[in-house]
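Following: one structure in structure tokens, then a few remarks.
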There are 2 protein chains.
Amino acid sequence: MTQPPWQPITPAKPTRTPKEPLNRERIVDAAMRVLVESGYDAVSMRKVAQALGTGPASLYAHVANKRELDQLLVERAAAQMRFDEPVDPARWQEQLKAMMREMLRAMRANPGVARAAIGAVPLGERALMSTERMLTLLKAGNIPDQAAAWAVDLIPLYVTAVAFEETVQSATDWKPEDVERFISGLRSYFESLPADRFPLTVALSGVLTSGAAGDERFEFGIAVIVAGLASLAEKN
Amino acid sequence: MTQPPWQPITPAKPTRTPKEPLNRERIVDAAMRVLVESGYDAVSMRKVAQALGTGPASLYAHVANKRELDQLLVERAAAQMRFDEPVDPARWQEQLKAMMREMLRAMRANPGVARAAIGAVPLGERALMSTERMLTLLKAGNIPDQAAAWAVDLIPLYVTAVAFEETVQSATDWKPEDVERFISGLRSYFESLPADRFPLTVALSGVLTSGAAGDERFEFGIAVIVAGLASLAEKN
DNA sequence: ACCTGAACACCGTTCAAGT
DNA sequence: ACCTGAACACCGTTCAAGT
């Protein structure tokens with residue numbers, strides 16, 4: 001009505017213009033959105049481009065390839081890890097376990113990122129801060145240098161493997177009841193094995209099929225790893 | 001020349017007729033061939049079908065889907081593992097490590113199978129024999145039942161993760177010199193970090209970038225895990 | 001019962017052409 | 001310098017039609 005005629009009438013797009021230029025950050029944002037919403041297998045160059053309202057070819061001006069995009073997603077997840085508690089040398093084992101729990105939490109919060117993390121060497125600033133903190137804790141525990149160096153490789157590998165395993169299993173889109181039926185079928189199967197050839201598998205069928213879900217398995221794993229590391233401490 | 005005219009002349013295909021019927025075994029054979037020759041990413045239903053001289057649709061009469069084919073490949077690799085040494089309770093830790101080495105060897109001999117193994121529950125006979133043997137060794141070490149049960153999950157998970165990581169890295173088709181350049185670049189990068197924020201990363205840059213290839217990392221991992229398990233032994 | 005061709009709905013990546 | 005449409009060479013899976 002009162003619109004001055006010399007000002008062209010444009011559809012109101014206040015916050016974000018449609019032709020906002022592409023850049024790495026916007027691409028990773030979009031990829032992260034697809035990742036969280038639809039899982040790793042859905043994160044294709046095409047889907048990410050679509051989420052940005054463009055074609056796949058446009059992404060290649062900012063990202064070398066899918067592999068590099070994966071790396072950027074891993075760094076995003078690493079940046080979400082919080083290690084705020086000051087290092088307490090006396091509690092190095094407990095603090096190392098807390099770090100592993102936090103790593104798993106961040107990976108779970110970004111389903112699919114574990115897959116991308118497996119071959120990756122974490123070099124972003126946040127990832128380096130994690131490494132430095134792990135080394136600090138390990139040196140607090142008198143772990144020799146070379147062992148500490150290998151440990152900062154072993155620890156993320158284990159956490160990532162657990163997270164990746166979970167995403168593979170959840171990709172089957174089984175309902176909880178399906179999982180339960182599978183587990184109980186597994187138990188019956190173990191129980192039905194010939195006891196002369198598989199005595200322990202039969203005898204332990206109960207515990208073999210318990211705690212498969214939940215965090216007990218992970219807690220066991222980090223307890224074993226931290227205890228194993230502690231056994232390498234130099235006497236002094 | 002001396003060929004009797006009433007016998008039709010056919011191209012000589014002595015050992016294998018072209019229309020030998022498809023079955024699971026032939027499909028897995030072909031998939032294994034593709035896997036070893038070209039890696040996991042090349043194992044597509046189409047490539048496997050092509051190797052059998054047919055189309056992808058033909059496979060679905062014998063194999064439910066790609067996932068099931070993966071499972072069959074894992075069982076093949078599990079069947080190649082050899083655990084011949086009789087169980088010696090006094091040497092349970094060393095024999096457990098030997099099992100882990102043999103698992104890794106079999107996975108490496110079938111590049112790509114690790115990827116397929118990650119979500120899989122190993123249920124073939126050979127896999128069950130591995131599980132039974134692991135349980136025997138763990139009970140020889142006085143490991144409590146529930147811990148032993150979780151350990152037979154943790155052990156293959158770790159070995160598989162190492163093998164998978166290797167295949168991901170080898171999928172980059174870097175030459176050895178490229179890897180070496182990357183490693184030395186990494187060391188320079190660690191050395192160049194601000195020493196006030198990353199003192200240990202800087203100080204340990206040497207060991208952090210050594211033994212990345214080779215088996216030392218794996219030997220470290222199995223030593224940590226076995227030592228951690230040993231620490232859980234019941235006193236008696 | 002088993003096999004097949006053709007189709008459907010997808011991939012990652014490249015490239016010449018546009019702005 | 002950045003973006004795009006179209007193409008290339010692939011995927012897993014389904015299905016009607018053949019033998």
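First the proteins, then the strands, lettered A, B, ... as listed; each starts at 1. What you see is a predicted model; the values in this text were computed from it and never measured.
Residue His62(A) places none of its side-chain N or O atoms closer than 4.0 Å to OP1 or OP2 of dA1(D). Within the structure, a side-chain polar atom (N or O) of Ser44(B) is placed less than 4.0 Å from OP1 or OP2 of dG12(D).
A parallel orientation is assigned to the rings of Tyr158(B) and Phe218(B), their planes being inclined by less than 30° (bins at 30° and 60°).
Taking CG of Leu69(A) as the reference point, atom CG of Asn65(A) lies at 9.0 Å (rounded to 0.5 Å).
Leu52(B) has its CG atom 15 Å from the C1' atom of dC2(C), to the nearest Å. Rounded to an integer number of Å, the gap from NZ of Lys66(B) to C1' of dT14(D) is 18 Å. Nucleotide dA1(C) holds its P atom 20 Å from the CG atom of Leu59(B), rounded to whole Å. Whole-Å rounding puts the Leu69(B) CG to dT13(D) C1' distance at 14 Å. We find that CG of Asn23(B) is positioned 14 Å from C1' of dA1(C), with the value rounded to whole Å.
Comparing dC8(D) with dC11(C), their C1' atoms sit 12 Å apart, to the nearest whole Å.
Residue Thr54(A) is the one, among Thr54(A) and Pro56(B), whose nearest nucleotide of DNA chain D lies closer to the 5' end (criterion: closest heavy atom). Nearest-nucleotide assignment on DNA chain D puts the 5′-proximal partner with Gly55(A), out of Gly55(A) and Tyr60(B). Mapping Ala57(A) and Lys47(A) onto DNA chain C by nearest heavy atom places Lys47(A) closer to the 5' end of the strand.
Side-chain proximity of Met45(A) to the nucleotides dC11(C), dT13(C), dG12(D) is greatest for dT13(C). Among the nucleotides dG12(C), dT4(C), dG12(D), the one closest to any side-chain atom of Ser58(B) is dT4(C). Listed nucleotides: dT13(C), dC11(D), dC3(C). Nearest to the side chain of Ala61(B): dC3(C).
A donor-acceptor pair shorter than 3.5 Å can be found between the side chains of Ser210(B) and Gln146(A).
Pairing for dC11(C) is absent, with no Watson-Crick or G-U wobble pair whose two atom distances lie under 3.5 Å. Of all nucleotides present, only dC2(C) satisfies the Watson-Crick or G-U wobble test against dG18(D), with each distance under 3.5 Å.
The heavy-atom pair separating Gln80(A) from Glu102(A) by the smallest distance is O-OE2, 3.8 Å.
In this structure, Thr209(A) contributes its side chain and Gly206(A) its backbone to a donor-acceptor pair below 3.5 Å.
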